Amino acid sequence: GFAVCLPVVGAASGYYMLKPLECRESESHPYQLLPKASYSDHPNKHYLTKIPESVGVVGGGISGAIVAKTLSQQGYNVEVIERNPGAGGIWHQNYDGSGLQFPYPHYNLPDHQFPEDTELIPRRESVKQFIEDYMTKFNLWPMFKFSTEVSKIHQRKDGTWEVSTKSGQKKQYDFLVVTNGPYNKPYIPEIEGLSSFKGKVFHSSEFINIKEHCEGKKVVVVGSGKSAMDVVTQAYKNGAECTLVMRKVHWLVPPGKTFLGLPLFYFNSNRFAGLLMHPYYNTSNAVFEYMQPLVKGYWKVIEWVLNQDMPQEMIPSSEYHREKLYRGGARNPEVPELVKQGNMKLVRGQTSKVKPEGLEVNGDTLEADVIVFATGFSRDFLGLSAEQDGIWMYRNTIIPGKKNFAIVGLVNTYCNPLYTNIQAVWLSEVLRGRVRLPSEGYMRDDVSDRKKYTRQIIDESTASFSWFPYPMIDQFLSDIGVETNRKPNLFKFWFEPIKPSDYTSVVTHRV
C-alpha cells in the first residue's frame, strides 16, 4: 500500500508546488500618484512637521539616484548633493580591478537592468555606466549638484534642515535623506610605528594606477574581505611579490561555484535556505528551532562544497550560516589558486606593529615596499549620534524622534539596489500617509528589540544586520500593503533566488 501511495502523494505535492498562485495584490497600484494626505489628516504628524515640498539628498551614488527618482516621481522637489565631480558614488573612482561582489543580475533594478552581454562580475567602469544610464533614463541629472561636499547638517527650530557645504554654501530643505552609504570614509587602523615605515602606505580605495608601485616590489595587503582579495590579485598581476595578511579568515564564495549541477545561489540564497537560518528579530521559525540536525547537516554540506579545492589556511573556523547573516563572502577565486601554487603568501594573524622595513605579524617581520590596508570604511553619519556598531533605526530608515529625516541605502544585502529601491518606495508611502508609522515609543521599542537580538546572534554586530534580504523586503511590502510573494508558484517561491524583476510593479511609476 505504501508503494502505491508514495507516487500519488508525490504527484499531488508536485501539482500543489507548481500550481499558479493567485495574486492577492490590490488593483490599486502601490506607486500611483494618488492624492497625498493633507497635513491635518496625515497619520504621521509625529514624524513630519509639515508636508514636505523640498527634499535634500546627501550622497549621489546608486542610493541617491534611486531616492531622487522615487521621490521626484511623487512630485517632490529633489536636490542631490554629491562630493565627487561625477555620478556613481563609490563607483566614480575606486581601486584598480574593483567591481561588484555578486553576479550582475543581483545588482539589477526592477526597472533598469545591465546589458545581457555584461561580464558576470562587472568591473567599476560597467557599474558606473549602469548608474549613469539609470540617471539618464529617468532624467535625474538636473537634480544633482556635483563637487559639493557636506560639512554639517543641522535641524532648525521649525523642523526644516540646513545643510552646510565645505565651500560655505547653506541649503535648506523641508525633508532630508542621507544616502552616503556604508563606504564613505576610508579606515586605516592606528598601528604602532606606522609613521616610521619607509615605503608607501595606501588604503585600498586609493590603490589606483598601481603598476609603478608593484613591479618588482614587495606588497603586503592587510585585510580579509573583497577589496583585499581584489587588490592583492591586481598587485600580483602587476609584477609584485605579494603577501596577504588576515586577522580572521572569512568564507570565500566564488561566483561559479555549483552543487548538483546548479549554481550555489539555489541552495544558499533562497527562501528555503532562510528556513535554516536564524529568523529575523520579529519573526519565528519552527524549522530552525525544532529541526537543528537538519539545519546543521544542510550547512555542513554547503561548507563542504565551499571548501573544495580551498587551501587549508583559507578555511574559516566560523559557521557559514551565521557569518552569512552579516557578510556576503568574498568572490575572488584567483587568490586560493595563487596561494596553492605558492605564488602568494598568506599569513593569518594580527598586525602588532609597523617597522621601517615592514609589518610585524605573529612576532615575525614581513618585509614590504608597499602596505595596502584593505580594512574597510568608517561610516560618516554627519554628526548624528551612533553606537559602535552603527545607527539603529526603525525599518533601517527612521531614527525615532528625528523628524523630517531618513537614512536610505545603509544596509548591505546581495541585492543592494533592489533593497534600496523598496526602501525608497516605503519612505515615499510614509511621506504621503499611505504607510502609517507607529508611535515614537513603539518604534524605539522595536529598534531596541532588533538591536538586542542582533547582538546576541551574530559575531560582529552591525546595525545593517542582514546580508539576507527577504525578511526586510517583506517587512516593507507588508507595511505598504503589497503582496510579499512575487513568484508564480510555491516551488519558485521557496527555491528560486530573489530577482529584481519580480518587484517591477512595486517600483514602477504610473499616473
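Computed from a predicted structure; not experimentally measured.
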Leu275/Trp494 under side chain to side chain contact (heavy atoms under 4.5 Å, CB included): CA gap, chis, key distance, verdict: CA-CA 9 Å; Leu275 291 176; Trp494 286 111; 3.6 Å; yes
Less than 6.0 Å separating the ring centroids of Tyr414 and His106? yes
Rounded distance [0.5 Å steps], CG in Asn270 versus CZ in Phe495: 7.0 Å
How long is the span from the CE atom in Met472 to the CD atom in Gln475, to the nearest 0.5 Å? 9.0 Å
Check the pair Asp474, Arg271 against salt bridge (Lys or Arg N to Asp or Glu O under 4.0 Å), reporting the backbone distance first and the verdict last. CA-CA 12 Å; Asp474 287 353; Arg271 287 184 184 268; 2.8 Å; yes
Verify the distance criterion only: is there a donor paired with an acceptor across the side chains of Trp426 and Thr397 at less than 3.5 Å? no
Could you tell me if Lys355 and Ser196 have a donor-acceptor pair between their side chains, going purely by distance under 3.5 Å? no
Do Tyr320 and Asn268 have side-chain atoms, one donor and one acceptor, less than 3.5 Å apart? yes
Indicate whether the side chain of Tyr95 and that of Asp230 have a donor and an acceptor atom separated by less than 3.5 Å. yes
How many angstroms lie between atom CG of Leu418 and atom NZ of Lys499, to the nearest 0.5 angstrom? 12.5 Å
Show, in sequence, the C-alpha distance, side-chain angles and deciding distance for Lys248 and Glu323, and conclude whether the salt bridge (Lys or Arg N to Asp or Glu O under 4.0 Å) test is met. CA-CA 12 Å; Lys248 182 180 180 181; Glu323 185 172 297; 5.2 Å; no
Distance check, rounded to the nearest 0.5 Å: Ile371 atom CD1 versus Lys200 atom NZ? 13.0 Å
When you compare the side chains of Glu360 and Thr365, does any donor N or O come within less than 3.5 Å of an acceptor on the partner? no
Could you tell me the separation between the SG atom of Cys214 and the CG atom of Asp96, rounded to the nearest 0.5 Å? 8.5 Å
Any luck finding a side-chain donor-acceptor pair between Gln129 and Asp133 under 3.5 Å? yes
For the rings on Tyr298 and Phe272, is their centre-to-centre separation under 6.0 Å? yes
